[in-house]
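Reviewing the structure listed below.
Predicted model, so just to flag it, every value in this text is computed and none were measured. Atoms within each ligand, like the ligands themselves, are counted from 1 in listed order.
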Amino acid sequence: MKVDLERFRLRHFLESLGADELERREAPTDLADVAQALEGNPKAVWFTRAGPEGAALAGNVAGSRSRIARAFGVPKELLLREVLERLKGEYPVEEINSEIAPAQQIVLTGEQADFTKLPAHLQHGLDGAPYISASVDFAFDAANGWTNVGMRRIMLRGRREAGVDLNAPSDLRAIYQAQLKRGEPLPIAFAVGSHPVDHVAATMRLVGDELALIAALRAAPLAVVKCVTSDLRVPADAEYVLEGYLDARGYAEPEGPYGEFLGYYGAVKANPVFHLTAVTRRRDAVFQTSTISGRMLARTDTAQLNALRAEVIIWRALESAVRGAKAVYATPASGGAFNVRVALESRVPGEARNAIAAAMGCLVNVKHVFVVDPDVDIFSDEQMDWALATRFQADRDLIVASGFRAVPLDPSLAGTRSGAKAGFDLTLPFLAQGQPRPMEHRISGPPLYEGRRFASVEAALADGPKFFAELMAAKGSRDGREIVLALETLQRSGRLARDAEGRYGLK
Ligand SMILES: Cc1cc2nc3c(=O)[nH]c(=O)nc-3n(C[C@H](O)[C@H](O)[C@H](O)COP(=O)(O)O)c2cc1C
């Protein structure tokens, strides 16, 4: 099978974006100004001349749900469904020769491999150094022969040394720690400059070979190429690849501080050292940076990627816990998991609470779960606010539970390792099947004028009781006042009745 080496190229994805999604900066931009240009920017930014070398640099590429959805070729409402569907697929991973691998058009090894020749910029005011953040890592898991893929930031510390954060629980951390027990360094490679689909794949944590996961999410075969200084295989269509190893000294050097994915800084930590052995790249490569932190998390790559990953995990938990989950949304403004919304068609009383328990339990990052009926749009902050205001009694519908494992970066924990979770049941009182919703629980909206036509208001009422709007529809009225007059006539003749719901009828 011939694999298309251009289709999932970052440069082509950027070229496919219109002015609504992409800000193209042709003017020279100092690396010192890159962070400010990206801060809170709803668009991806393509700096065509970054730094004195005039490098091509793209940022915030996956920083909106609509851009990620575009990368998957679907409207954003269908993104989760598409990802869940693609996760079921299988596509081959095919190795190709170095000579035809675009990611190795230029190969720099030894002294030529140099972090300080890459357009890495300082992202946040208190960061320890410039970081490479759109870095997708590839490492072998000796336990099963699979390639593990993740995203890990790289803190520049010199020409060929950098810090990599391996503190949070992850497969790579486990792989590295097993390697440390053997006293051996861990070969690792980072792709920088990738299609958003690859970033989605990298942030998923699923069992299996994660090169195959990239292929599955692309819904296309994946071409890989062997690294020039290790046996690792990396996507052959990446813009840049940074090859090297994590040394066997373990958590040996300070790394950080760094603006973290909850919007605050993470402190300096002891972390492993990455040694750079090669930089390979396309001839016209685009370097990439991911946005991570600050007060506008909803416009960052990290929160958007985290949200999608959380939704996949929560959706699967809901599938086994309750039957009627209709939609799930991890709000990116909360970091993409802390606040989770679920639309649920309850089939029996109590299911909203089961949904809350399932969502709370399936992912450490989930902290607050809001469950609504399917008539509330969970993607709308306004509608969620309305549901909280009108469908919630705090003494009845709030579930608070303490002592859960928590994300240490959450500043509200005040240093403790476990924390509280809360569930908000925003569903209306449960109705047995076929039982109509009482008038006071029905959502008002403009009239729709649906129903059969009749020769007269009287004929319509003889057919059965009707609301005023149905009487207008019955007469094809585009006004309404003539219906008032017809009802007045019936009223005067003593024949007009009204039922408990307010429908008109005949006595
Ligand atoms: C832009 C970005 C940067 C990230 N940086 C790190 C990091 O430096 N350290 C870390 O432990 N996780 C980081 N993550 C989260 C991991 O990539 C994520 O947990 C992934 O699923 C881990 O993969 P693994 O368990 O297969 O190793 C980052 C995520 C994103 C989106």
| Heteroatom distance test (R153, ligand 1): nitrogen or oxygen, under 3.5 angstrom | yes
| Does ligand 1 have an atom under 4.0 Å from some heavy atom of E210? | yes
| task | Examine the side chains of N271 and D165 and answer whether a donor and an acceptor come within less than 3.5 Å of each other. | result | yes
| query | Please state which protein non-hydrogen atom is closest to atom 26 (O) of ligand 1 and give its distance, to 0.1 Å? | reply | N148 OD1, 2.8 Å
| query | Y258 and Y265: aromatic ring centres closer than 6.0 Å? | reply | no
| Minimum-distance protein heavy atom relative to atom 20 (C) of ligand 1 | A202 O, 3.7 Å
| Do D171 and ligand 1 have an N or O pair less than 3.5 Å apart? | yes
| Out of curiosity, is V149 lining ligand 1, as in a heavy atom under 4.0 Å away? | yes
| request: For the residue pair S64 and S66, confirm or rule out a side-chain donor-acceptor distance under 3.5 Å. | output: yes
| ligand 1 N/O within reach of M151 N/O, cut-off under 3.5 Å | yes
| task | Distance to 0.1 Å, residue and atom name: give those for the protein heavy atom nearest to atom 21 (O) of ligand 1. | result | T203 O, 3.0 Å
| request: Quick one: look at A134 and ligand 1, take heavy-atom pairs under 4.0 Å, and tell me if it's side chain, backbone, both or neither. | output: neither
| request: May I ask you to identify the nearest protein heavy atom to atom 9 (N) of ligand 1, giving residue, atom name and distance to one decimal place in Å? | output: D165 O, 3.1 Å
| query | Given that the side chain starts at C-beta and the backbone is N, CA, C, O, which of these parts of R309 lies under 4.0 Å from ligand 1, counting heavy atoms, or is it both or neither? | reply | side chain
| request: Identify the protein heavy atom lying closest to atom 10 (C) of ligand 1, giving its residue, its atom name and the separation to 0.1 Å. | output: R152 CD, 3.6 Å
| Given side chains that start at C-beta, do those of I132 and L242 come closer than 4.5 Å, heavy atoms only? | yes
| query | Is L166 in polar range of ligand 1, meaning some N or O pair under 3.5 Å apart? | reply | no
| field | Parallel, tilted or perpendicular, as decided by the 30° and 60° cut-offs, for the rings of F424 and F370 | value | parallel
| message | Counting only heavy atoms closer than 4.0 Å, does ligand 1 sit against the backbone of L305, its side chain, both, or neither? | response | side chain
| Between Q104 and S98, does any side-chain donor sit less than 3.5 Å from a side-chain acceptor? | yes
| request: Consider every N or O of N306 and every N or O of ligand 1, then say whether any pair is closer than 3.5 Å. | output: no
